[in-house]
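Scroll down for the structure; my scribbles are underneath it.
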Amino acid sequence: MADDTSIIGKARPRIDGPAKVTGAARYPSDEPAPGAVWAFLVTSAIARGKVKSFDLDEAKAVPGVLDILTHWNVGGDAKPPAPTSKGKPTTTLESDRIWHDGQIIAVVVAETYEAAREAANRVHVDYDEEKPSATFGSPGAQEEKREPGDHEDPKIGDPEKAFGAAPVKIDQRYETPTQHHNPMELFTTTCFWQGDKLTIYEPSQFVYGLKNNVAKQLGIDPAKVTVVSRFTGGAFGSKGGTTARTAWIAVAARRLKRPVKLVATRDQGFTIATYRAETRHRLRLGADANGRLTALIHEGWELTSRPSQYNVSGTESTARIYACPNVETAVNLVHADRNTPGFMRAPPDTPYMFPLESAMDELAYALKMDPVELRRLNDAPKDPINGLPWSSRSLMKCYDAAAERFGWKQRNPVPGAMRDGDWKIGWGCATAAYPSNIAPCGATVRLDGDKASIGLAGQDLGTGAYTVIAMTAAQALKLPVENVSVELGHTDLPAASLAAGSSHTASICHAVAAACDKVNAKRAQGETGVIEETAANVPNGLPDSAMDKINHGQMAISRGFGRKDCTAYAFGAHFIEVRVHGRTGEIRTPRMVSAFASGTIINPLTAYSQYMGGMIWGISAALFEKTEIDLRAARYTNDNLADYLIPVNADAPEIDVLLVPEEDNAVNPMGIKGIGEIGIVGVNAAVANAVFHATGRRIRRLPIRIEDMV
Amino acid sequence: MTFTVTPLRRWRITRRKLLKGGMGLLAAGAWARFFGFFRHARAAETVRPPSTITTRLRINGRDNTFKLDSRVTLLDALREHAGLTGSKKGCDHGQCGACTVHVNGRRVLSCLTLAATADGKDVATIEGLAEGKKLHPVQQAFVDHDAFQCGYCTPGQIMSAVACIKEKHAETDADIREYMSGNLCRCAAYPKIVAAIKQARGATERG
């Protein structure tokens, strides 16, 4: 905890701030690549079938065109990237097969960007087209039960019986839409070879993952691959896995013996990377007459591609948020002719907490109870599934702090009772929760007099990683933060795991602290001059070999649930005001207050930004974002930033973020729980609950739009 | 002139298909080889060589001359030809604002501006804003308020903010929110961007 001499816990502007505001921060497509030629992707115009043939003559006639890669000439030169889940990946140039609309089917390379683009538009493709299945309910979509394995299906008690006997019941179905991350930075890749050594500049959440995956795809030694991603222009999950494009750009660079640069277009980004799959849910809650939960049954359906079994299975969280003696969950997959989905901010919890937190509000109304009091009554003293203690749980502290700041006491619970002229006012609340994860990580610390430099292959996705590392090292080495420099995002540095799942700050700071400890030990032995130490931190509960997995670009992580000693979650509470116009149905969100308790907060300034960004993402998930799908063609239709709605400055509410102090000595030695995801979790439900309070309309399908209000 | 780059995906009937329909039964590959010569002639007719235009740009007070394909946008001229990568490409369609620069003192979307149309004009980019190590008040305010996370939209936000203040569109919170709404921030730093502009507004007026 912060005291007067402590650096950790005191708000501090980012150490990389000046680079970011002057344009000096180098994102991967900003890295100089002298002599680079340009690639432009050709993507499929059908969602299912085969490429029968290409007519490349016109494209080849464009002045400056150097090469056109198709399955004809490079099909055997690379394997598909290893999938992040069970099942198989979709393919690209490996064959003539088309799995989804917008699949990469050719890569045109030319001397200039303009020539590559023109030539790509002059590639004519003849297809064998089959009728595609677009989504849930489409003819030909295949449903299967997701078997346990990577995920557990919690079950305790006799939920069906308890639900049948419950005097108060909620039994409803809910839907969340397809969403795309749309980080501001496009999906870019630059590759060049020096002899048999490959260098890749590509925005990434996991440079060791990219390095090892691409090496495997190309059949080369990973030691010969370098990946650089010093800054990443937003990711939100989209830059975590290896996508097909990278290996093909490497192949193009090898064929031409020149650097090749790709800046995929915004619309291509919708189909050459991942997205948040649409989900459906049936949620049943049973309660006694006083409001105590007696049954919770949550069944989810998630969309995925034909060959993949990717899923997020958020039932692992919804099963354990509240005290309930009878719980059962299940998850089903629905395969359609779509690109494979992936993780997007709070991957399981954003879609799965929507039904739970909506249903809790519905239950509160059924019981004529205050929704905050219903949560208090069902606050879980321990993990209800396995009986383990929480590492710490401050859910109700968050509710109480945020309710007071929001003015919740003034709320008239009757729907439609609060008005301001033509505007119907609604106040809603919901629980936020996210498991506290931590992964193995290495770090190097070099102390030279009163200056230190830290290096590790972690990523700053905008999370403030550069700064929290500098703060951690400064505190450990007793130096001013200004004297600490940090290098990230380069595979020459010690490995760090995937920057995702709110695990990164805990993972990297423990590694930095471990390396500083070794430096301090050398100092204590009287060593002077330059001291350089490398250390790895392997979290409790993981074998020492877990670090090897990270070094080899694989995943290894200690999750907040599934631990042997405790269950570790960060918790929070959201309160939001919506205004629904009585004549037009326009929905606005003028203000929002959320409180979070996430253990040790290293830098409250950047933590506030992350929570706030997550909260606005939540509003966006509730009211704005949906990737529209042409059901006949299985094609995304709003694949640009004008039609894929995200909030602009004028949409952002007045926001208050309360950082509830919490000391957690069980989660990990530094008490860090992670904050990147929790801000968004539950906000969609809080908005829907507020809309119900304003209008009396319970909307169970996101996003909530004007048409739902008129 | 259009810079829409995606029509290919939408073309369901290609000339190839029509040609084949007319030719009937022979395998596509055989026809392709047989008619190769004629199709090259046809391609040569439809494909025209690019035109090159000499373009003079005064960037951040320094004169530059470029020989550019006439289709090169101002954004690509800055990033790929002038080596100034501070201006960012977020959509290339004028939808996100990450490429915002000033041309003759006005904020423009450099991805929607052909470089040739800026010939002879003054272009100001994020790289020219600070004076040596001393940050411009808007830059400093963005750092102080943590008005960004990933930083990718930030050069555009800052160039927009500098113009917004100059335009007198930063007098009220509502004005700032409205006149900064052409610059998307996916990290959603919006409330802090408003706070930063309010701080800088005073500083730039005093300065």
Side-chain angles (χ1 to χ4, degrees), chain A residues 13-14 17-18 20-23 25 27 30 42-45 52-53 55 57-58 61-63 102 112-115 117 120-126 182-186 231-234 263 265-267 461-463 605-606 609-610 612-613 616-617 640-642 646-650 652 655, chain B residues 5-12 14-17 28-29 32 39-40 43-44 46-47 49-50 69 71-72 76 85-86 89-93 95-96 98 125-127 130 135 139 142-144 146 148-155 158 177-178 180-181 184 186-194:
Chain A
R14 289 165 201 265
K20 285 183 173 175
V21 300
T22 56
Y27 299 80
D30 302 339
V42 179
T43 55
S44 72
K52 205 189 283 176
S53 65
D55 175 352
D57 293 341
E58 199 178 304
V62 173
T112 67
Y113 176 69
E114 292 72 25
R117 179 180 56 194
N121 280 283
R122 291 180 184 276
V123 170
H124 301 299
V125 189
D126 197 7
N182 278 308
M184 297 309 300
E185 180 189 36
L186 297 165
F231 288 93
T232 298
V263 177
T265 62
R266 176 60 61 181
D267 66 299
L461 312 171
T463 50
L605 182 67
T606 50
S609 293
Q610 265 201 293
M612 182 182 79
I616 296 175
W617 265 65
N640 64 80
L641 288 177
I646 61 169
V648 299
N649 202 316
I655 280 198
Chain B
V5 290
T6 52
L8 179 75
R9 290 178 50 198
R10 316 299 180 206
W11 293 356
R12 306 302 285 278
T14 64
R15 282 180 303 160
R16 183 69 197 285
K17 249 183 192 168
R39 297 191 308 114
H40 264 301
T46 58
V47 177
D69 186 311
R71 299 167 294 185
V72 171
D76 286 339
T85 53
K89 185 179 283 191
C91 68
D92 225 14
H93 284 52
Q95 297 171 339
C96 78
T125 73
I126 191 72
E127 289 92 343
L135 298 179
Q139 292 173 314
F142 268 64
V143 174
D144 294 345
D146 204 40
F148 51 86
Q149 290 187 44
C150 81
Y152 196 80
C153 74
T154 309
I158 289 174
R177 285 153 50 96
E178 186 67 27
M180 288 300 292
S181 277
L184 299 180
R186 187 54 158 156
C187 302
Y190 298 127
K192 293 184 162 197
I193 291 170
V194 174

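Predicted, not measured: the structure shown is a model, and the values here were computed from it. In what follows, every chain begins at residue 1, and chains take the letters A, B, ... in the order their sequences are listed.
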Determine, stepwise, if the pair B/K192 / A/S609 fulfils side chain to side chain contact (heavy atoms under 4.5 Å, CB included). CA-CA 8 Å; B/K192 293 184 162 197; A/S609 293; 2.7 Å; yes
Taking every non-hydrogen pair under 4.5 Å, which of B/G86, B/A188, B/A189 racks up the most with chain A?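 It is B/A188.
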For B/D146, is it the side chain, the backbone, both, or neither that has a heavy atom closer than 4.5 Å to a heavy atom of chain A?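 Looking at B/D146, backbone and side chain both touch chain A.
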Portion of B/L184 that has a non-hydrogen atom of chain A nearer than 4.5 angstrom: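 For B/L184, backbone and side chain are both near chain A.
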[atom1]/[X] to [atom2]/[Y] distance, rounded to the nearest 0.5 angstrom?
X	Y	atom1	atom2	answer
A/M184	B/Q149	CE	CD	13.5 Å
A/N640	B/Q95	CG	CD	4.0 Å
B/R186	A/I646	CZ	CD1	5.0 Å

If I compare all heavy atoms of [X] with all of [Y], which pair ends up nearest, and what's the gap?
X	Y	answer
A/P63	B/V47	CD-CG1, 3.7 Å
A/V21	B/F142	CG1-CB, 3.9 Å
B/Y152	A/L186	OH-N, 4.4 Å

Non-hydrogen atoms of chain B under 4.5 Å away: do they reach the side chain of [X], the backbone, both or neither?
X	result
A/L605	both
A/T22	both
A/A642	both

Among A/T232, A/I616, A/L461, A/D30, which residue has the highest count of heavy-atom pairs closer than 4.5 Å to chain B?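 Among A/T232, A/I616, A/L461, A/D30, the one with the most close pairs to chain B is A/D30.
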Chain B contacts, top residue of A/T112, A/T606, A/I655, A/T463 (heavy-atom pairs, under 4.5 Å):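 If we count pairs closer than 4.5 Å to chain B, A/T606 comes out on top.
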With A/F231, which residues qualify under ring pair (Phe, Tyr, Trp, His ring centres under 6.0 Å), at least two apart?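 Per chain and number, A/F231 pairs via ring pair (Phe, Tyr, Trp, His ring centres under 6.0 Å) with A/Y27, A/Y466.
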Can you find a pair of side-chain heavy atoms, one from B/C150 and one from A/E185, that are under 4.5 Å apart?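 No - every pair of side-chain heavy atoms lies 4.5 Å or more apart.
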Do B/P50 and A/E114 come within less than 4.5 Å of each other through their side chains, counting heavy atoms only?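 SC-SC contact between B/P50 and A/E114 ruled out.
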Any ion pair linking B/D92 and A/R266 (charged N to carboxylate O, less than 4.0 Å)?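 Here A/R266 does not pair with B/D92 in a salt bridge, since their nearest N and O are not under 4.0 Å apart.
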Please step through side chain to side chain contact (heavy atoms under 4.5 Å, CB included) for the pair A/L641 and B/H93, ending with a clear verdict. CA-CA 9 Å; A/L641 288 177; B/H93 284 52; over 6 Å; no
Can A/R14 and B/F148 be said to form a side chain to side chain contact (heavy atoms under 4.5 Å, CB included), step by step? CA-CA 10 Å; A/R14 289 165 201 265; B/F148 51 86; 3.5 Å; yes
Could you check whether any side-chain N or O of A/W617 sits under 3.5 Å from a backbone N or O of B/C187, counting only pairs where one atom can act as donor and the other as acceptor?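 No: the side chain of A/W617 does not pair with the backbone of B/C187.
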Could you check whether any side-chain N or O of B/S181 sits under 3.5 Å from a backbone N or O of A/A650, counting only pairs where one atom can act as donor and the other as acceptor?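 Judged by distance alone, yes, a pair lies under 3.5 Å.
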